[in-house]
Every structure is written in structure tokens, then in C-alpha cells.
Amino acid sequence: MKQARVVAALFVSVLLQTAVIPALLPGVIVPDFVFCLSAAVAIAAGGGQGVALAAVGGLIKDGLTGAFVGANAGADMAAAALIGIVEPQLFKESLLTPAVVIGVATWVREAVYMFAIGSFGARVDVQRAVYVLVPWLTALNCCAGVLIYKWIYLHPRERQSTLIQAEPVAGTQSRPRGPGRS
Amino acid sequence: MNKLLSRRRAIVTCVSVILLVALIYSTARDRERLSAAEHVLREVFAPVARGADYVSRTVSSCVSFVASIGRMKRENEALSAEVDRLRSEVVQLSEAARENARLSSLLDLKSSLEGRTVVARVVYRDPASWLESVVIDRGSSQGLATGMAVVGPSGVIGRTTSVTAHTATVLFAIDPRSAIGGVNSRSRDLVIAEGIGDGSGLLRVRPIGGECDIVAGDVIITSGLGGIYPKGHVVADVISVEQDKYGVSKTAAARPRVDFQRLEEVLVLIDPARGAAR
């Protein structure tokens with residue numbers, strides 16, 4: 001997994017989440033691209049990198065909102081850490097894996113986030129969150145997470161394996177003819 | 001080694017949790033000032049977000065424009081139909097206003113006359129204008145008879161000729177078969193105004209008697225002596241005067257004030273003896 005891809009993905013995710021999608025589709029629930037990215041990294045590269053990215057991405061989100069700084073970061077980090085615990089047992093070559101893992105992680109993340117801001121005085125409408133917001137967000141995050149996972153993990157691996165398969169064929173073609181066949 | 005790693009992990013986790021809780025606690029209340037890190041983050045991100053927002057809105061407006069082309073086409077068709085309908089209504093209303101003005105002036109004339117009068121509408125005219133006459137929509141059932149004077153707000157139009165139950169023919173004053181007994185309003189000399197019938201729409205004014213004082217610009221009005229046209233209605237304005245070749249009498253050309261080509265409503269004087277203009 002290339003670091004540059006992840007950094008670019010983080011930048012694009014923040015832009016999509018905070019500026020582009022709210023401008024294109026005002027008033028709709030936006031998928032949490034930054035969280036999806038950190039979750040996808042946690043699935044692909046392990047909990048350490050996932051948690052680190054979740055900390056950076058979460059703090060960016062917190063810094064832009066300006067209230068309860070650390071709540072997004074903490075929630076994202078907790079979810080990424082949980083993914084990191086199960087990561088060694090995951091089958092990573094299927095798109096179903098990130099869909100399921102990110103779906104479950106979204107619920108964990110939202111629970112941690114609501115608990116964090118609720119503990120410090122914010123009014124949390126749990127019923128609306130459980131029945132409306134989080135199910136929608138889970139569906140959106142699953143879709144977005146699958147795309148991100150494919151882009152940062154599966155797609156580079158497919159390209160790499162294609163190149164590895166192509167190399168011996170090229171070597172065979174350039175091999176000089178043996179003396180017995182001349 | 002594993003023990004050391006897990007111990008280090010536990011320490012990092014604990015420190016992270018403590019830091020985050022402290023951070024959330026310190027930022028949970030309303031703050032007047034943001035921290036330096038938040039300040040920098042926002043200042044760095046704001047122009048990028050503004051640019052992204054601008055691009056997004058541009059793309060969004062383009063997409064919605066393309067998506068709305070079909071709807072706009074339908075709206076355009078509906079609005080075009082509406083414009084056509086409204087234009088037609090405007091024409092109708094303008095026509096009604098013009099008709100209203102004409103009828104008002106006719107009504108003024110009607111109220112200025114003493115005798116019984118009938119307002120009639122022109123229903124037929126000769127398309128080729130060969131005949132200096134029109135057909136009106138009032139006839140004997142409304143009291144019309146042949147030889148009744150027909151006038152308008154601008155002056156004398158002519159007289160009725162053939163009359164049916166609901167129609168009548170009006171022979172214009174400019175028809176060669178028409179002759180109106182008139183008087184020069186300035187010199188009070190009696191004249192006869194006859195139609196020339198050459199398509200010029202003019203009247204030939206001949207004096208009755210030898211001496212006649214008539215010049216261009218004089219106004220000829222009805223004398224009331226012929227028995228058809230009551231006294232005082234404008235017949236025509238004298239535009240030129242000619243001396244005959246022997247120098248004995250004068251003949252004048254006069255232009256009626258009535259536009260015979262655009263007549264639409266006329267007033268028929270049922271009682272010519274009492275239809276004099278007041």
C-alpha cells in the first residue's frame with residue numbers, strides 16, 4: 001500500500017466530506033470518507049497504521065468543526081483499533097470483507113462518538129441516531145469504504161500481480177535460441 | 001519481547017485516551033478563541049474548501065442545467081402558447097378599446113341630435129371598392145327606410161338606398177349618384193355637393209346661383225333644404241376652387257372628413273326633419 005495514495009485519499013476524503021458533497025447534495029447524509037479510509041487502511045495494513053490515520057483524519061474533522069475536539073478522533077481510533085484486533089483473521093482479497101467490517105465499525109464509531117459528546121454535555125437524540133442516521137450512514141460508509149479499499153489495496157495488488165505474471169513471458173521471448181535448434 | 005510490546009501498546013492507548021478526554025473536555029464548552037492548531041487548520045483548509053465548493057457548485061449547476069433542459073423545453077412550449085394566447089387577448093382588448101372609442105363618439109353624436117336615430121354596424125362592403133356603398137345590419141324592422149341620412153362623428157356619410165328587414169344599403173356621399181344640398185359655413189352661399197366617382201374620394205361643390213364666395217379651406221355643411229339631410233352636419237372641406245372657362249361660375253373640390261374605407265359603425269337618422277345637429 002503506497003503512502004502517497006493514502007495521503008491523497010485523505011485529502012480528497014476531507015474535501016469530499018466537508019465541501020464537495022454538501023455543495024452538490026445539500027441536506028443529505030454524507031458518508032464519512034475519512035473514517036472509511038482509516039478503516040480500509042486498518043483492514044489492509046493493520047491496526048497501527050489505521051489508528052494513526054484515524055487520529056490524523058479525526059483531528060482534522062474535529063478541527064474543522066471546532067467543538068468536542070478529539071471526539072471524532074477518539075471514535076475513529078477506537079473503531080480502527082478494533083479492526084486492527086481482528087485484521088489478522090480477515091480474508092482481504094474480497095470486497096465483501098471491507099463492506100462487512102466497515103459496516104460493523106461504523107456502529108462502533110458512532111456509539112463511541114455519541115458517548116463521548118453525550119458525556120460532555122451535548123444533547124444526543126439516540127432514537128433518531130439508531131433508527132435513522134446510523135443505518136443510513138452504515139449503508140453509505142459500506143459503499144464508500146468498498147471503493148476506497150479497492151483503490152488503496154486491491155487495485156495496486158492486481159496491477160502488481162499482473163506485472164509479475166508478465167515478466168517471465170517477456171524473458172522467454174528475449175531468450176536467445178540454443179545451438180541445437182539452429 | 002511480546003510482553004514489552006503489549007505493555008507499550010497499553011501505555012500508548014492509555015495516554016491517547018487521557019489526552020483525547022482532556023481535549024474533548026477542554027473544547028466541549030463554548031470557546032471564544034480557537035487553539036493555534038485549529039486556527040492554522042482552518043486557515044489552510046478554507047481556501048481549498050472554497051475552491052472545491054466553487055467547483056462543486058459549478059458542476060452542480062451545469063448538471064442541473066442539463067437535467068432541466070427537458071423541463072425547460074416543456075415550459076418554453078407552454079409559455080409560448082401562453083404568450084400567443086395573451087397576444088391574441090391584447091389584440092382583442094385593443095380592438096375593444098378602439099370600438100369603445102368609436103361607439104362613444106357615436107353616442108356623443110347621437111345625444112347631440114334631436115330626432116330618433118339608430119346605430120348600425122357595417123356588415124358588408126364591396127371588397128374591390130367598385131361601389132361607393134356599404135351594407136349595415138339595421139333594416140326596416142328597426143325603422144329604417146330608403147332615403148334616410150346616415151352620419152358619423154366626422155360628418156355626413158351618405159343615405160340609405162335599398163332596405164330589407166334587417167339590412168340596408170348606405171350610398172356614400174362620394175358616389176356620383178349622390179347629391180347633397182349644402183351651405184358654405186363662412187359665406188352662407190348655397191351649394192350642391194356631388195360625388196365625383198373617380199376613386200379620388202372627393203366631392204364636386206357647385207354653387208346654386210351665379211355669384212358664389214367660396215375659397216379653399218371653407219367648410220361645407222348640410223343646408224337642411226333637401227329633405228334628407230338635416231341642417232348643420234359637416235359634408236366636406238373645400239380644398240381647391242376652379243373658375244369655369246367662361247368665367248361665369250366656380251366649381252370647387254372638397255374632401256369629406258369621413259374615412260369611407262374604415263367605416264365600422266354609423267348613425268342612421270330616422271327622423272331627418274328633427275335630426276339637425278345642435
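Each chain gets a letter, A, B and so on, in the order the sequences are listed, and its residues count up from 1.
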Point-to-point distance, once rounded to the nearest 0.5 Å, from CD1 of A/I117 to CD1 of B/I24: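 Spacing of CD1 (A/I117) from CD1 (B/I24) equals 9.5 Å.
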Atom group of B/V17 that falls short of 4.5 Å from chain A, counting heavy atoms: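 B/V17 has no heavy atom closer than 4.5 Å to chain A.
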Contacting moiety of B/T13, where chain A heavy atoms sit under 4.5 Å: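 Nothing of B/T13, per the 4.5 Å heavy-atom cut-off to chain A.
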Listed partners of A/Y113 passing ring-ring contact (aromatic ring centres under 6.0 Å, His included), at least two apart: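 A/Y113 satisfies ring-ring contact (aromatic ring centres under 6.0 Å, His included) with no other residue.
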For A/D125, all residues meeting salt bridge (Lys or Arg N to Asp or Glu O under 4.0 Å), sequence neighbours excluded: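 A/D125: no salt bridge (Lys or Arg N to Asp or Glu O under 4.0 Å) contacts found.
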Pairing residues for B/R85 by the salt bridge (Lys or Arg N to Asp or Glu O under 4.0 Å) criterion, not counting sequence neighbours: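 Scan of B/R85 (salt bridge (Lys or Arg N to Asp or Glu O under 4.0 Å), adjacent residues dropped) gives B/E82, B/E89.
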Counting only heavy atoms closer than 4.5 Å, note whether [X] contacts chain B via side chain, backbone, both or neither.
X: A/L59; value: both
X: A/V14; value: both
X: A/I60; value: both

pair A/V69-B/L20: side-chain heavy atoms closer than 4.5 Å: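 Side chain of A/V69 against side chain of B/L20, heavy atoms only: no contact under 4.5 Å found.
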Test item: A/F120 and B/V21 side chains (from C-beta on) under 4.5 Å apart, heavy atoms: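 Yes, side chains in contact.
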Exceeds 12 heavy-atom contacts within 6.0 angstrom, atom CZ of B/R102: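 Yes, the 6.0 Å shell around CZ holds more than 12 heavy atoms from other groups.
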Over 12 non-hydrogen atoms of neighbours within 6.0 angstrom of CD in A/Q127: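 Count not over threshold, so no.
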Residue-level interface, residues 70-80 of chain A with chain B, non-hydrogen cut-off under 4.5 Å: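 The list, in residue order, reads A/G70, A/A71, A/A73, A/G74, A/M77.
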